[in-house]
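Below: one structure, written as structure tokens.
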Number of protein chains: 2
Amino acid sequence: MVVPSATGTEPRKITINDVAKSAGVSRQTVSRALNDKDEIDSVTKQRVLDAARALGYRPSRFARGLVRQDTMTIGLVIPDLLNPFFTEVAAAALEAARTRGWQVVVYDTGDRAEEELGTLQVISSQVDAVIGYFSCPESELEKFTRGMPVVLIGREQRTRFSAIQIDGAAGVHAAVAHLVAQGHTRIGMLDHHTRAEPSIRHEWFTTAATAHGIEAGLMVPADQTADGGGSALRELLADHPDVTAVFTFNDIIAIGALREARRLGRSIPQELAVIGFDGLQLGALVEPPLTSVALDTRRLGALAIEQVARLLSGEEALAADDLVVRGELRLSGSA
Amino acid sequence: MVVPSATGTEPRKITINDVAKSAGVSRQTVSRALNDKDEIDSVTKQRVLDAARALGYRPSRFARGLVRQDTMTIGLVIPDLLNPFFTEVAAAALEAARTRGWQVVVYDTGDRAEEELGTLQVISSQVDAVIGYFSCPESELEKFTRGMPVVLIGREQRTRFSAIQIDGAAGVHAAVAHLVAQGHTRIGMLDHHTRAEPSIRHEWFTTAATAHGIEAGLMVPADQTADGGGSALRELLADHPDVTAVFTFNDIIAIGALREARRLGRSIPQELAVIGFDGLQLGALVEPPLTSVALDTRRLGALAIEQVARLLSGEEALAADDLVVRGELRLSGSA
DNA sequence: AGCGCTCCCGTGAGCGCTCACGGGACTGCT
DNA sequence: AGCAGTCCCGTGAGCGCTCACGGGAGCGCT
């Protein structure tokens, strides 16, 4: 019952030897009691357990980990846990890791690319592998992860690392096809506000659009927030009032656009159809529910963990072609 | 450049001694090179670094942790990362932990109370402290966390553990006051669907309601989902068509109610005012934006980490009265 | 009595690393 | 030449734990 808390004085760590001495046995016997091993008398075992409890003993995970090489800890690095997409990815990774009994240390870089390197440096000496969504150049990544399995998420270009690729080409094509079938001919896109070049999702959009013989130049960059989506939509409609449908970089932007459309008095989907990307659960909460090119985030997490497992065990790693999550059009109320 | 991956054969761990041998120095010199210590020639240092890289050496966190007692890892146990409230709590805790250079291992029990014990058992030998939202009885908690600092979140009754208390009394009072000021007299509540007794939030509501001289008996239990909120609202309105305002257990339920109200053709807030609880960021995404009794989740996370720090260092712990996060009415479009 | 067996328990070794110390080689000074 | 001082580098010890082994005590059997 008495848990001796360190009261300002030297909180010397209680070791297995202290317990052994207190119980009048050897450290090995203590170890046996604690780990539920066989070769121990049940009376002795209870005595040891009591002593351990009385002293407030807790085994050192370091010492144990040093001798038993079984605990696996992987680091999950994401830009922003509050971004629902990454929340879903994280939840999926946690779930997949749990089935293997792995620990997951989560690092949120707060959308600051410069934090990535610091995080990576810390991480590199704390985990057995890394799963993450990085924006820093590959060379930097490589520098801090020497010899450690790394699985990237949503990295567009092929790298020397494993990467779970997100392929939305077919899904976006289906989305545009759907809009065209509904009679839309003027379709805009609210892209992600990247520095220079448009996103790969924009590429998918333009290919799909031209394949359907419609103009694909109606693009406005948007901040990756609901507000960003809203103002981008306003901007788009101001320049091109004849636009009747928009495809967005992701669901957050789409939801912002949805909200803005309502404020502008445009009914959805009659006067403006909206299709997002990601397929967040969140999309079902807004009204009307969001049509989206959905990603299977659970599969994404499972794939990442699976690949880490293979890299770690030296098994044959999954080929790049198997590490793909494809977007799939999920029809709902907004288009 | 060559990173010798374990190719099916015995993936023997490369130790500091291997690097030392390869570089023709002692292990201590290797340690010096890797840890950026002083007493080493820069040429030697480079040679060691090259050797380490060539061998794909990565220091063992266990061995390092065993001798340097500085890395702190805390476990964060939450029922469901996909529940936005817990996402915010987790993000806040991560942020607060980061400023201290602590690692955070996240465990998602998937809303299954029986998982809590298993998780706790694993956790108890893997982290230095636990922050979590548990539903299991205190006695069970105690059994698995002997001698380990534990900080609970939102635990209603006082326990022998530290707990960050959520006090919504004043906020809920303000919410009811606001509704009354708007002329509402028939105010319902969509409570959390607990087993037996109503939630403490419901208590706050009834006290606030009776204080304003209005009937507080209009309660319907709801699943903690948007759909749950929707059907609970439908049920409430079916039984009591004269209800013009609802207070909900949390924002998710409120958002579901909002959606359902729209479907029923009730305009918000004119024909139905809705006030939620939690103050999720999510509330700003729906239309109209949600009025809510908001919790400062960042403060919640910071408090939890702060308390853990004190428990860990043996400093004087924060008193229960300081470990309170108070709900505050945040007015928005829905009421 | 002697053997083998089971049931407990303890001892040495070692996991991979860092800390404290010691000591050689070289410099510059008296 | 002799000495202190600086700059490197290596050696023992030990962090706290588990594994492999050895061995004593007690039993029943031939």
Side-chain angles (χ1 to χ4, degrees), chain A residues 10-49 51-52 55-73 122 124-128 146-148, chain B residues 10-49 51-52 55-73 122 124-128 146-148:
Chain A
E10 171 74 1
R12 207 184 61 73
K13 196 83 160 86
I14 293 158
T15 78
I16 198 173
N17 289 307
D18 299 323
V19 179
K21 213 170 300 172
S22 163
V25 295
S26 74
R27 42 175 220 281
Q28 174 63 7
T29 301
V30 176
S31 175
R32 277 192 268 256
L34 265 53
N35 296 355
D36 233 38
K37 288 282 177 65
D38 263 356
E39 306 181 335
I40 185 172
D41 187 276
S42 63
V43 178
T44 318
K45 182 170 176 173
Q46 193 53 50
R47 184 156 41 96
V48 171
L49 258 32
L55 294 174
Y57 168 72
R58 288 197 325 112
S60 153
R61 67 172 179 283
F62 294 119
R64 177 175 296 181
L66 189 55
V67 47
R68 311 180 10 184
Q69 310 278 29
D70 52 0
T71 47
M72 202 52 75
T73 304
V122 172
S124 65
S125 60
Q126 297 291 351
V127 301
D128 301 303
R146 302 223 153 276
M148 181 164 49
Chain B
E10 170 74 4
R12 207 185 58 76
K13 196 87 159 88
I14 294 158
T15 77
I16 198 173
N17 289 308
D18 300 322
V19 179
K21 213 171 298 170
S22 162
V25 295
S26 76
R27 43 174 219 281
Q28 174 63 6
T29 301
V30 175
S31 176
R32 277 191 269 257
L34 264 55
N35 296 353
D36 234 37
K37 289 282 177 65
D38 262 356
E39 306 181 337
I40 185 173
D41 187 275
S42 63
V43 179
T44 318
K45 182 171 177 174
Q46 192 54 50
R47 184 157 41 97
V48 171
L49 258 32
L55 293 175
Y57 167 72
R58 287 197 325 113
S60 153
R61 66 173 180 284
F62 295 119
R64 178 174 295 179
L66 189 55
V67 46
R68 312 181 10 186
Q69 310 278 32
D70 52 1
T71 46
M72 201 53 77
T73 303
V122 172
S124 66
S125 59
Q126 296 291 351
V127 300
D128 301 302
R146 302 223 153 275
M148 180 164 50

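Order of the sequence lines sets the chain letters (A, B, ...), proteins ahead of strands, with each chain counted from 1.
- Side-chain N/O atoms of A:E39 and base N/O atoms of C:dC7 include no donor-acceptor pair closer than 3.5 Å.
- Note: CD1 (A:I16) to P (D:dC15) measures 14 Å, nearest angstrom.
- Residues B:K45 and B:L66 each lie close to DNA chain D; by heavy-atom proximity, the contact nearer the 5' end of the strand is made by B:K45.
- Closest heavy-atom contact between B:K37 and B:I40: O-CG2, 3.6 Å.
- Atom NZ in A:K21 sits roughly 16 Å away from atom C1' in C:dG10 (whole-Å rounding).
- The heavy-atom pair separating A:D128 from A:T71 by the smallest distance is OD2-O, 3.7 Å.
- In this structure, B:Y57 places its OH atom 10 Å from P of C:dG16, rounding to the nearest Å.
- When all heavy atoms of A:V127 and A:M148 are compared, the closest pair comes out as O-SD, 3.7 Å.
- Within the 4.0 Å cut-off from OP1 or OP2 of C:dT11, not a single side-chain nitrogen or oxygen of A:S26 is found.
- If you check D:dC15, C:dC8, C:dC15 against the side chain of A:V67, the one that comes closest is C:dC15.
- Here the rule is side chain to side chain contact (heavy atoms under 4.5 Å, CB included) with B:R27, and of B:I16, B:T15, B:V19, B:D18 only B:I16 fits it.
- With hydrogens and angles ignored, a donor-acceptor pair under 3.5 angstrom links the side chain of B:Q28 to the base of C:dC19.
- Residue-level contact check: B:K37 touches the backbone only, with heavy atoms under 4.0 Å from sugar-phosphate atoms and none from bases.
- For D:dT30, the paired base is C:dA1 (Watson-Crick or G-U wobble, both distances below 3.5 Å).
- If you check every strand for non-hydrogen atoms under 4.0 Å, B:I40 touches sugar and phosphate atoms only.
- Of all nucleotides listed (C:dT18, D:dC17, D:dC15), C:dT18 comes nearest to the side chain of B:S31.
- Not a single donor-acceptor contact under 3.5 angstrom links the side-chain atoms of B:R61 to the base of C:dG16.
- Going from atom CD of A:Q69 over to atom P of C:dG14 covers 16 Å, rounded to whole Å.
- A straight line from CG of B:D41 to C1' of D:dC9 spans 10 Å, rounded to a whole angstrom.
- A straight line from CZ of B:F62 to C1' of C:dC17 spans 13 Å, rounded to a whole angstrom.
- Distances shorter than 4.0 Å separate none of the side-chain N or O atoms of A:S60 from OP1 or OP2 on D:dG16.
- Computed from coordinates, the B:R64 CZ to C:dC15 P distance equals 18 Å when rounded to whole Å.
- A:D38 comes within 4.0 angstrom of no nucleic acid atom, judged by non-hydrogen atoms across all strands.
- Using a 4.5 Å cut-off on side-chain heavy atoms (C-beta onward), B:Q126 and A:T73 make no contact.
- Rounded to an integer number of Å, the gap from CG of B:N17 to P of C:dG14 is 13 Å.
- Counting atom types as modelled, B:R32 pairs a side-chain N or O with a base atom of D:dG10 as donor and acceptor under 3.5 Å.
- Counting atom types as modelled, A:R27 pairs a side-chain N or O with a base atom of C:dG12 as donor and acceptor under 3.5 Å.
- A donor atom on one side chain and an acceptor atom on the other are not found under 3.5 Å apart for B:R32 and B:T44.
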